[in-house]
Every structure is written in structure tokens, then in C-alpha cells.
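Naming: A, B, ... by sequence-line order, numbering from 1 per chain.
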Amino acid sequence: MGDSGTFWLPEQASTIASQVDGLFYFVTWVSAILFVGVVAAMLYFAYRYRRTHPSERPTPVKESKLLEISWIVVPTILVLLVFNWGFKTFIEMNVAPPDAYEIRAEAKKWSWLFTYPNGTQSDTLYVPEGQPVKMTMSSQDVIHSFFIPAFRVKHDVLPNRYSSVWFEATKTGTFDLFCTEYCGTGHSDMITQTKVVSQSEFDEWVESGGGAKDLPLPELGKRLYSQQGCQACHSIDGSSMVGPTWQNLYGKTGHEMEDGATVTADENYLREAILEPGAQIVAGYQNVMPASYSNLSERQLTALIAYMKELSTNEAPSGD
Amino acid sequence: MSTDASAAAVHAPEEGAHGEDENYLNHETGLWSWLTTRDHKRIGIMYCLSLAVVFFAAGMLAMAIRAELIAPGQTVMDADTYNQVFTMHGIMMVFLFLVPSIPAILGNFVLPLQIGAKDVAFPRLNLASWYVYMAGAIMTIVALVTGGVDTGWTFYTPYSSSTGGGILWMTAAIFVAGFASIFTGINFIVTIHKMRAPGMTWNRLPLFIWGLYATSIVQVLATPVIGITMLLLILEQSLGIGIFDPALGGDPILFQHFFWFYSHPAVYIMILPAFGILSELIATFSRQRIFGYRAIALSSVAISLLGFMVWGHHMFVSGQSAVSSIIFSLITYLIGIPSGIKVFNWVATMYKGSIWLQTPMLYALSFLFLFTIGGFTGIMVGVLAVDVHLHDTYYVVAHFHYVMMGGSVMALLGGMHYWWPKMTGKMYNETLGKIAVALIFIGFNLTFFTQFILGAQGMPRRYYDYVEKYAPLHELSTYGSWVLGLGLFLVLGYAIHSLYWGKKAPANPWAAATLEWTNVAALPDPHNFLRTPLVTRGPYDFHLADEVFGGGDGVGDGRAATAGTLEAPKPAPSAPEPQESH
Ligand SMILES: [Cu+2]
Ligand SMILES: [Cu+2]
């Protein structure tokens, strides 16, 4: 990683990087030229006009209006040029394309947690190559800052509001991700990696719940139960919370609905209950289950149901 | 110098008669006479000693930081200690050293001498400022002892709200020390307005005075803001009033606005007087009028005012609105221009001059070199899109060290060497002086230039530990800090040597043309001038300053100048060598 960088800058791995670098080098070179000019003049004068006798009395030099005006005007033009350029790129950096893929980042002392739209979570950031990604970030405690040098993006992560940053990775590989706002003892350990992978590899990774590809289904289901926040409303020990418990739910017959109908809690019923919670409401409960689970992948759904099966001693319902 | 009858230019003789016997150091002695003195020169010396101690302590902390960073992982201390060390380094260097440094030491000592006044306008307030400063310094030590201050010198909330009680002492200390700044600022403004010698018009003010004037404006206007901010922080922490802490319903960004509203102008408190010193050094050691005197004088004032409108450039990635960022970036450029103009003017001043490469001039040239780098990299971090990448990395660390150390501290060192003969009546060893400049210059660049590369490569600041790829440059930077430290210790060494064994200084060893050299004894009289000087020319009109050359017949004299080559074994018995000639 980062090995193909230049003397000054690390490897470029995002669409914005080359623009930032162009600007960086422009300012560096113009500065270097002016700097060499100033220092050369200084050294030349120091040598050319060195004092050879203590009684030397140079005649005063007339001030030159032209010279003074030129060194006001030229730098002004230069800085306005640079400002304008920097400003345009900055705007681009600040406006995420509407089709950007959204990832949530949560910072706390001293770790990162990334959540993908289907609820998959990871502490290493996975992003697809060639797809704009928008990070929506917040902090649980103090201010942190999200920085990927190879992408040239950075933004503070605040405790009381969301902040965001976007980028589009241009090459696959692993890149450093740093916290750059001082946050205490573990500040310099708040480092993780950004893994840029091809779109298909990424999809597979997200679908599988974050590298859980080989996990047995019930195991994955158990993980999703907490990752996806089901545990906030559903117990697994029989107690009733906001939603009905999952204990002995699977295979339950004569399951009563709000509208008086009864159903058998088989795979298809459960599947529908997750994807379209409002379609049928369980008797005695409110219609408050989020509809957002409809984007769970097939494998995730199957895993969740497999987990529910494990929690149930009921016989498998026969057929459909 | 001075004295000379021939001096077409004015001024009064003074010393003459009793120049040797009575001076500001020996007319009263004993600790009590110092602790109750109202003499601006003695207060300057007291500040000098106190600040030297602070600089030493904060400098040692810097060495400790570099030692820890010599290699990744733990080397000499654990993470919490490291965090406290860099925090104390920052707080002490900024609030207790750089902010007061030049005005409190050299400003106090030189300002009345340069404008031909007997003292500052409010001598008691001046003494009070020292006591207030000491109170602030002692509270800082208490904070250090109570421990736990590990917030960085910026105290960003809510992190600072969540750390121990030391922080309360610390912020209170800064609140108190702020008053010392305000006292000095008010004093200088009034003194400059009201106490100039006859003939000392605004256009004849030495540029050091202009620099101090601009600085004082900032001190008086900006310091109350940091006071209020620290007070709010204290209120929040002790009474739980939610101002900055989101847990209490406050807004952490608000703190950053408050903090930088002071701390950016504070950058100008640190650099404007340095600009002033630089003008003195370049003019004297080039024997030329400052090119574009008016541009330099007015640009200082322009900077001090514009300086209040750029604080947001510290917050481009903090969550302030993009529009604010854009406006702040634009104004930041505008403020870069006057600084650039000054650099061009100083270089132009050397043109067709008579350049004498004594130690103070070498510091001035180092300043030009380093400050120019600091300035250009300042433009770089002001470029919105690039700052997103560079913000909070070592690039910024390197940038402000080039400005603060390469600028302010270099100028302070140059100024200390320049006025040393006037303050102590002794010369220092010129050869050692030159060796020290070289060490400091090389050490400084080695320490901090490497940090530009580190930062551009993405190394975040305030990191106790870092990823492997940054190791070689960090190591180099640490070696640089040793060279730099060696240079500074050498200065300390020959300064002490000079106090005891240094050659006696003549009244005007550099053949300078400002009043403190031309009209004041080698060691100033307690009342500075025996007779109020009358000013008839500009501060750098060497072509009119016959008294500096002894009659202007063009030959032979320059004794003043020769005596300045310290080592010159000229015993020069009557220090203020009136030129016998003519
Ligand atoms: Cu951090
Ligand atoms: Cu600033």
C-alpha cells in the first residue's frame, strides 16, 4: 500500500486525488521558484554589497513605485488564481453525486464502525471500486476525524450532528484510514484500513454480512439479529418486548393476527413479516417494525429464519 | 556616536560626564529593588529571565516529544505521558512564551529608548503585568502538577470537558496570563501616541515601534476573547452549563470559533513584532534606508486588522459551512500579500547597501529564508481543496514551526544579540555566535522540513505512534532536533559567559542610527536620556547620521563599527568613543 506514491504525496486512489495533487504541485512549484528568487537575491546582495570597510556610506536607494506595485499585483494575481482553483475542487469535494452509495461511519474512542445499507457492519472500511461512496458520519463521544490519505479526503466526525464526505475509489488495494482529530490516549491507534475491491466482490461481501461467507446460516442469523438491531424489539427468551418474542415462533400454528385471521408461522410467513411488516400485524402489537429490512439479501433472510428455527422447539409446519 | 559636537543631527549629549558610573543596573541594587522597579528596562530584564526559564522548559518538552517519535511504538514514555508532554509544550510555547516574548522583553526594554521617552506611559501597570504573568505561569505549574492536562493547546471540546481537573487550572492560568498581554498592549499604545521625543513623527518611527504598535492593537482587542472563552469553559465544567459540550446541549464547533477568533490573531501577536525587529536588523546591517518604509509600517497595521477575519481557515474540515470556508480562504490570501511585500522590501533594502554579516544579520537572513518557506506553505494550507488533505497533519505542524520558530524565535534571537550590548553592557563572542546560528539553522531545517514531507504523505499530528512507512523521516527529524538543541545551548553558554567575562560594549557597536544607540550610554542611564533628544531625521537615514560615522569625512572613523567586531582587542576605554578626529 501507499508504495507507489511520489516524494511528496502518497499513492492516488480516488478521482479527486489527481486534482488535489495538481494543485499541490502547482503551488509547490510556483513557491519554489519565488523562494529561490528571494534567496538568490538575498545571497547575491549579501555577497555583492558586503562591507569591506567600516566607514562605508552607501548612498540611499530611490524607491521604485513600479517595482513596489509589481510585487503587490503579481502575487495578488497568483493567489487569486490558486484560490479559484482550490475553491472549485473544494466544491466538488463537498457535493456528493446523487447516486452515491451510502455507508454509515460511527466513531468512538478509539475505533471505527462502518455500517452498510443492508446492515452489514465492519471495522475495516470496504468500498467498491469505481462507485461514488458517501460516508455519513457521527461520533459517540468526542470529535474524531476521518482521513484517507490515498483518497485525499478528510472530515471531522462530530458528536452532535452528522457530517459527510464522499469519494470514488479508482484502484483496488488496501489504504490507511486515520483519525486526525486528537481524541486522547488511543488517538494514534484509531487507525484502520480501507479495502477497495471490485464491485462484484464488494456486493458479495456485503450480501454475506461482511466476510461471513462461510458462516453456517444459523450463526450468521444470530449475528444479524444483533447487527440489524432486531434485538431491540424481539427477545429470544420468550419475554414480550415491543415486538413478539422469537422463541418458539417458528412453526407456531394458529398464530393470531390483529384482523382476526390465524396463520401458521412457516418460512414464507416469516419472510413476509420481515420484508413487509405492515402486511399483517400480529395481534396485540403495533405496526412499528421498520419497513427498511426489505433490502436484506436473500442469504440474510434465510439466515435469520434459520436462526429462528433454532430458537423453536415446534415441529416444522408441513408444506404450504 | 552620540555626543559629538559635530552631529548635525541633533541630539543631545548625554553620558559624557558620568556615563560610566551610574547606569540602570547599578543605581539601585538588591532583589527588592528589582521586585519593585518601575524601570521599563529592568522589567524587560525580569521578563527576559522568566521567559528564558519557560523557553527552556518547553524546549526540553519538545526534545522529549522528538525522542519519543524517533521510532514507532513506545520508546521513552507511554501514550498518556506523551499526550501531556505535547500539550504542555504547546501551551507553554504559545501562551507563556511566544505571545509575550518580543513585546515583553525587547519591547519593554527598547520601546521607550527608541522613541526618546523616559519610560512607558504607565510604569506601575508595566510592573503589574509582570506579576500577573508570573501568577499565570505559576498556575500553569499547578496545572502541571495536578496533572491530566492532555487536550493539546487547543482545548477542543468535548474532549477537554471529559478530562480531569487540571484543565480548569490550565484555562484559568491562560485567562490570567492574558491580562499581562492586555496591560502591555495598552501601555505601548499610549506610550507610542503620547511620549515620542520632539521631532519623532509617525514617519520617523523605527519600524520596530510600528510592529509593536500593530501588535498592541491585536493584544488589546483579541485577548479578551480568549479570556471569555476560557471562562465559559470553566463555567461549563464547574457548573455544568451547556455551552460547548453536546452532552449538555452545547455546540463544540462554537468553541472552535471562539478559540480561533483569538488564536489566529495571536499568530500576529507573535509575528508582527518579529517583523519589526527584522526591519531594524536589515537596515542597520545594510546601512540602507528600509525600502518601502511606509509599505512595511502600514502593512503591519493592515495585517493586524485583517488578522481578525481569517480564523475560520482552521476549520475547513470541521463542519463549518462550505460558504464560510470559501470566504475565510479568500481573506487568508489577502493577508498573505502584505507579508510577501515585506519580504520583498527587506531583500530590496540590501540592494546597494553595505552589508555586515554579524550574528544578528545572520539571524535576519535565516528569518528571511525560513519565514518565506513558512509563508508559502501557509498559502498552501489556505488552498481549500489541498487543506482538506493537509489539515491536522505534520504539514501544518511544520508550517507553523517555520513561522513561529523560524520567524518569531529567529527574530527574537537576532534581536537579543543586537540589543545584548545595550542590555548588559557586554559583547558576546562573535565566532561562537556565528557557529550557533549555523547549528540552529541546520538543525531547524532538518527537524521541520522533514515534517512537511511526512505531513504531505499523510502523517497525522498528535500521534504517539505511527505506521511503519513514516519511520525514516521521523528519525531524521529527531536527529535534527539534537542539532537544534545544541545550537540553542551554545547560545545560552556564551550568553552567560559574556555576562561575566564579555568585553565591555561601546555605546553603539553596530553603528546603528536609532536613538537607543546614538543617544544613550553603553549601559543606559536609569532615566534613559540625560537630555530629551530632538529628532531631525528618519530612523535609517544613515546618509544623514553623521554622528554614527563621526563627522562624515568618509575615512577613518567607523570606529563604532570596528569596535563592534567584538573580538577586536580595542580596549576603548571611554566606551562612547567620541570621535576624536575631525
Ligand atoms: Cu483521534
Ligand atoms: Cu490561523
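Note on ring orientation: taking the six-membered ring where Trp is involved, the planes of A/Phe90 and B/Phe316 are tilted (angle from 30° to 60°). Aromatic ring pairs are classed by plane angle as parallel below 30°, tilted from 30° to 60° and perpendicular above 60°; the pair B/Tyr463 and A/Phe178 is perpendicular. Using cut-offs of 30° and 60° on the angle between ring planes, the pair B/Tyr351 and A/Phe45 is tilted.
Using a 4.5 Å heavy-atom cut-off against chain B, the contacting residues of residues 79-87 of chain A are A/Val79, A/Leu80, A/Val82, A/Phe83, A/Gly86, A/Phe87. Among the residues in residues 99-109 of chain A, those with a non-hydrogen atom closer than 4.5 angstrom to a non-hydrogen atom of chain B are A/Lys109.
No donor-acceptor pair closer than 3.5 Å links the side chain of A/Lys154 to the backbone N or O of B/Val317. In this structure a side-chain-to-backbone donor-acceptor pair under 3.5 Å is missing from A/Arg152 to B/Val388.
For A/Glu68, the part sitting under 4.5 Å from any heavy atom of chain B is the side chain, from C-beta outward, and nothing else. B/Thr154 does not touch chain A: none of its heavy atoms, backbone or side chain, sits under 4.5 Å away. Contacts of B/Gln320 with chain A are absent, with no heavy-atom separation under 4.5 Å from either backbone or side chain. Of the atoms belonging to A/Phe147, it is side-chain heavy atoms, and not backbone ones, that fall under 4.5 Å from chain B. For a residue to count as touching a neighbouring chain, one of its non-hydrogen atoms must lie under 4.5 Å from one of that chain's; by this rule B/Tyr466 does not touch chain A. Proximity to chain B (any heavy atom under 4.5 Å) is shown, for A/Thr52, by neither the backbone nor the side chain. Proximity to chain A is limited to the side chain of B/Ile337, based on heavy atoms less than 4.5 angstrom apart. The parts of B/Arg462 that come within reach of chain A are both its backbone and its side chain, each placing non-hydrogen atoms under 4.5 angstrom from that chain.
Residues in residues 387-397 of chain B take part in these salt bridge (Lys or Arg N to Asp or Glu O under 4.0 Å) pairs, two or more places apart or across chains: B/Asp392-B/Arg461.
A donor-acceptor pair shorter than 3.5 Å can be found between the side chains of A/Thr185 and B/Asp80.
At least one side-chain heavy atom of A/Ile191 sits less than 4.5 Å from a side-chain heavy atom of B/Val467.
With ring centers used as reference points, A/Tyr182 lies under 6.0 Å from B/Tyr159.
Under the rule for a side chain to side chain contact (heavy atoms under 4.5 Å, CB included), the partners of B/Ala348 that lie at least two apart in sequence or sit in another chain are A/Trp71, B/Phe291.
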